[in-house]
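Computed over heavy atoms, backbone and side chain alike; hydrogens, waters and symmetry mates excluded. Protein chains get the first letters and strands the later ones, always in sequence-line order, with residue 1 at the start of each. Computed from a predicted model, the values in this text were never measured in an experiment.
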Number of protein chains: 2
Amino acid sequence: MSIDAPSSAQQRFIDDFAQMLTAWGMPLTCGRLYAWLLLAPGPVTLDEFAEALGISKSNASMAARDLEGIGMARRLTERGSKRIRYEATTEPGNALKRNSDILGQLAGLIRSRLDAVADGRNRARLADLATFHLALKAAMDGVIERYGSA
Amino acid sequence: MSIDAPSSAQQRFIDDFAQMLTAWGMPLTCGRLYAWLLLAPGPVTLDEFAEALGISKSNASMAARDLEGIGMARRLTERGSKRIRYEATTEPGNALKRNSDILGQLAGLIRSRLDAVADGRNRARLADLATFHLALKAAMDGVIERYGSA
DNA sequence: TGACATATTCAACATATCCTGAATATGCTG
DNA sequence: CAGCATATTCAGGATATGTTGAATATGTCA
């Protein structure tokens, strides 16, 4: 009954896009929600998600909050209603900040355990790996900063 | 019977490290194999993997080849034996080139479908997203290049 | 407060993924 | 080639993950 169901080209885009995000460990449904947020004419309610994507409302609710939790969507409350609408965070960095965070965590893990787990060549290699991770993180954060994140 | 089983500190490192890689969609066992490759005193056979990590040999075989497939390990053949030893690719970029590739694919998907799936503000936002992905990819590739990859 | 609309939780189910042991294939030596 | 060592495949079982509908909670209005 929603006026704005995805066209078949949009459905294909939604599925392909989500499939790619899968490679970063994102559940397919989360990716589909996010893709639809990028295409929908405006902020989307949970019922609209459920209908547009052919999923249950409880599933939509959980996926939407996961998305919100990792900064890829934000919720808009409507005055005088319990209803929530979601929109994609327009700042594209949020989706990828996560990767940069993982790089930082990996580097942190390596550096904190370095002496306990390795020595000699392995120790040096691990130290290099941590340095590399941090350099990569810095580069990513620079771009994210430049294009905006929030 | 292997002389070089991981110490308990190493076991913790292996599990924590692998757990983090999980966030990029890597199966836990692959991550554990890779972590052990970073700590082991030298190239590792499948039997050694199986014992060091407490997994079956068939599992070790599959995980090792997955690692090889994404460029995080390489196999060393021993002359006069069918036995293979694996070592971590020392060039740290390989583990992360994958992320940069996904960015490129996402940008490609967006650009190729742009006109079919969006217009107006959404179209502009998607175009920006693709540009952002490519900028991020370029930054990552630069660092990877600088630190070496192969 | 009661009636309504909506969101959230949760236990059960469905599905995908991982792991294993047994069987098979491959490569090496003599 | 026979015999050995090792790797690989694969079907089945085990585990983890995703999905659902029903029940519950939350917020809003009159």
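Looking at the side chain of B:Arg83, the nearest of the listed nucleotides D:dT26, D:dT6, D:dA22 is D:dT6. When each of D:dG21, D:dA5, D:dT9 is scored by its nearest atom to the side-chain atoms of B:Lys82, the top-ranked nucleotide is D:dA5.
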Exercise. Is there a salt bridge (charged side-chain N to carboxylate O under 4.0 Å, His left out) between B:Lys137 and B:Asp141 once you walk through the steps?
Worked result: CA-CA 6 Å; B:Lys137 174 177 166 51; B:Asp141 288 346; 3.1 Å; yes

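Within 4.0 Å (heavy atoms only), B:Arg79 reaches no atom of the nucleic acid at all. Residue contacts shown for A:Thr45 are absent, as no nucleic acid heavy atom lies under 4.0 Å away.
A straight line from CG of A:Leu28 to C1' of D:dA16 spans 17 Å, rounded to a whole angstrom. Between the CG atom of B:Leu46 and the P atom of D:dT9 there is a distance of 12 Å, given to the nearest Å. Between A:Leu33 atom CG and D:dG18 atom P the separation is 14 Å, expressed in whole Å. Here the P atom of nucleotide D:dA25 and the CD1 atom of A:Ile84 are 18 Å apart, to the nearest Å. Rounded to whole Å, atom P of D:dA16 lies 19 Å from atom CE of B:Met26. The nearest whole Å value for the distance from the CZ atom in A:Arg75 to the P atom in D:dG27 is 11 Å. Distance CD1 (A:Ile55) to P (D:dT17): 19 Å, rounded to an integer number of Å.
For DNA chain C, the span of nucleotides reached by chain B at under 4.0 Å from its heavy atoms goes, 5' to 3', from C:dC18 to C:dT29.
Counting heavy atoms from C-beta outward, B:Leu106 and A:Leu21 have side chains that approach closer than 4.5 Å.
Residue order along DNA chain D, read from the 5' end via each residue's closest nucleotide, puts A:Gly25 first among A:Gly25 and A:Ser81. If you find the closest nucleotide of DNA chain D to A:Pro27 and to B:Lys57, the one lying nearer the 5' end belongs to B:Lys57.
The shortest heavy-atom contact between B:Met140 and B:Leu103 is SD-CD1, 3.6 Å. Pairing each heavy atom of B:Ala130 with each of B:Ile110, the nearest pair is CB-CG2, 3.9 Å.
A salt bridge is defined here as a Lys NZ or Arg NE, NH1 or NH2 lying under 4.0 Å from an Asp or Glu carboxylate O, and A:Asp47 with A:Arg83 fails to meet this definition. The pair B:Arg85-B:Glu48 meets the salt-bridge criterion, since a charged nitrogen lies less than 4.0 angstrom from a carboxylate oxygen. Electrostatic pairing of B:Glu68 and B:Arg74 does not count as a salt bridge here, judged by no charged N lying under 4.0 Å from a carboxylate O.
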